[in-house]
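One structure is given below, encoded as structure tokens.
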Amino acid sequence: MPDGYLQALVARRFPIIYSALRFVRRVPRLLPSYFGDIKRYALYSSVIFDDDREKLRSIITARYHNVEKGLSLPSPRPGFGVPNIKELIKHIDRYVSDYGVDDFLPVPVHVIGAYLEFNRRFDIEDSHIRMSFERFLPLVNRVASHVGVKMVNRLELLADVDAGGIDFITSRSSVRQYSRERIQENMIESAVRAAQKCPVVCNRQSGRIRSYRRHADIIKVLEIQGGARGFAEEVDTLFCVTVDLRCFNGVGERYQGWIDGGLFAMNFLLGLHAQGVGSCCLNWSKDAEKDREMHDFLKIPDYEIIIMFVAAGMLKEMFPVACSSRLPIEQVLSYCECE
């Protein structure tokens, strides 16, 4: 009798015994893999140790990008984010002390300058921040032009979208200001069809998108999510991207849902962008308690993991976006040989 037939027979006639046997056989393989992941993350992320140049760069980047995001909001509050700026200054001081001056520094330093320039319009001045900025300036050997925010013209953006190719992809930015025009349902459906064309493991199609259009629902969800302060009121439609874990099997696929979900979400974002819909990713890097709260509120079944939220709305004629400076390509791309 073929082994596969015997397994199917046991599974059908004795499902509890079959599940127990699979549990006993597979869990001992699953646990070491997860413990290995925990060890790697604890050692090489900055969750415990921040004793590395690249880790400190990431911490500084997150800090200065928070400033850029604040400047791109519909109505930034004059003097916003002082604690964040002072943490940024502290980390820059530590970076200079530990690793010296290099080409990484101009962007975070000039973001502080953009912040000071914004506050100057409202006659707000923090002497500590000003003195730190002036102390850092002589250390940077170039002017970082793409910092803070930049203004985008809707018609010029749509021209890049129509042109297609690389310009279509590179013209997309996270948008936190939207017009009062509603996103049409057929546009949402077209973007979801674009998402469905992303690569997926063995064509299992685990991605799901929930669309929320009622204002009260959007505000409550974003309150739990916590990353849309300053522009939540402008959001026309909020999307929740999830992945169905029932589509995966084997120890090696324990994180495949996050991979497939990220690809699915990116295609969805480009599907919105292709139709002139602005969007902003809102991450869901939360602890178990917060994740449980969101699952319960949105009535998402436990077998689905939340990948991210996407705030969206139609574009204004002119709107600011964070510059979000990118690394030089030589720091990203390597031409390699195995032997």
Side-chain angles (χ1 to χ4, degrees), residues 37-73 76-120 122 124-150 173-174 176 226-230 281-287 290 321-334:
D37 297 337
I38 291 170
K39 177 183 175 183
R40 179 184 293 156
Y41 189 70
L43 284 175
Y44 299 114
S45 75
S46 60
V47 68
I48 298 175
F49 307 107
D50 58 0
D51 53 349
D52 175 276
R53 181 194 294 255
E54 197 59 40
K55 293 178 185 179
L56 191 51
R57 282 186 174 190
S58 295
I59 292 168
I60 291 171
T61 300
R63 291 285 180 183
Y64 82 66
H65 188 57
N66 280 339
V67 178
E68 291 186 313
K69 289 190 291 186
L71 293 172
S72 72
L73 295 176
R77 177 176 55 83
F80 75 91
V82 170
N84 181 67
I85 286 281
K86 291 186 175 179
E87 282 293 307
L88 173 59
I89 290 169
K90 183 180 74 174
H91 290 309
I92 293 174
D93 274 327
R94 182 183 157 204
Y95 187 90
V96 172
S97 173
D98 291 354
Y99 306 109
V101 176
D102 59 22
D103 287 342
F104 170 73
L105 288 175
V107 171
V109 169
H110 286 291
V111 166
I112 296 173
Y115 174 82
L116 289 169
E117 177 61 25
F118 166 76
N119 282 325
R120 190 182 62 80
F122 302 94
I124 294 176
E125 187 72 81
D126 186 302
S127 59
H128 171 71
I129 297 173
R130 169 64 66 180
M131 285 168 37
S132 297
F133 173 67
E134 292 174 352
R135 177 165 52 84
F136 291 146
L137 266 184
L139 302 179
V140 299
N141 57 7
R142 64 181 172 86
V143 174
S145 54
H146 300 295
V147 299
V149 295
K150 61 183 178 182
S173 296
S174 292
R176 296 175 176 85
R229 286 184 292 273
C281 297
L282 301 168
N283 78 61
W284 188 244
S285 303
K286 305 296 183 182
D287 60 22
K290 186 63 72 172
V321 298
C323 287
S324 304
S325 175
R326 289 325 197 227
L327 292 171
I329 195 166
E330 58 269 18
Q331 292 186 30
V332 178
L333 173 65
S334 301

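Between the CG atom of D52 and the CG atom of L43 there is a distance of 11.5 Å, given to the nearest 0.5 Å. Remark: D93 CG to S132 OG distance equals 6.5 Å, nearest 0.5 Å. A distance of 4.0 Å separates CD1 of I92 from CD1 of I112, quoted to the nearest 0.5 Å. Here CD1 of I60 is found 11.5 Å from CD1 of I89. Values are rounded to the nearest 0.5 Å.
Among residues two or more places apart in sequence or in another chain, the salt bridge (charged side-chain N to carboxylate O under 4.0 Å, His left out) test is passed with K290 by E293. Residues satisfying the side chain to side chain donor-acceptor pair (under 3.5 Å) test with H91, not counting sequence neighbours, are none. Under the ring-ring contact (aromatic ring centres under 6.0 Å, His included) criterion, Y64 pairs with no residue, sequence neighbours left out. Legend: residues meeting salt bridge (charged side-chain N to carboxylate O under 4.0 Å, His left out) with D102, ordered by chain and number and at least two apart, are R53, R57. Every residue two or more places apart in sequence or in another chain that forms a ring-ring contact (aromatic ring centres under 6.0 Å, His included) with Y95 is listed here: Y99, F104. Remark: F122 engages F118 in a ring-ring contact (aromatic ring centres under 6.0 Å, His included) (not counting sequence neighbours).
Side-chain atoms of L73 and R229, non-hydrogen and from C-beta on, never get closer than 4.5 Å to each other. Annotation: side chain of Y41 is in contact with side chain of V47 (closest heavy-atom distance under 4.5 Å). Side-chain contact check for F80 versus Y115: some heavy-atom pair is nearer than 4.5 Å. By the 4.5 Å heavy-atom criterion applied to side chains, D50 and I59 are counted as neighbours. Under the 4.5 Å side-chain criterion, counting only non-hydrogen atoms from C-beta, P108 is not in contact with T61.
Minimum interatomic distance between L137 and H110 (heavy atoms only, all atoms of both residues): CD2-CE1, 3.8 Å. The minimum heavy-atom distance linking V111 with G148 is given by the pair CG2-N, 4.1 Å. For the residue pair C323 and E68, the shortest heavy atom distance occurs at CB-OE2, 3.8 Å. Nearest heavy-atom pair, H65 versus S324, reported as atom, atom and distance to 0.1 Å: CE1-OG, 3.0 Å. Among all heavy-atom pairs drawn from A322 and K69, the shortest one is CB-N, 4.4 Å.
Within 6.0 Å of atom CG in L333, more than 12 heavy atoms from other residues, nucleotides or ligands are found, so the atom counts as buried in its surroundings. When the shell of 6.0 Å around CZ of R326 is examined, it contains 12 or fewer heavy atoms from other residues, nucleotides or ligands.
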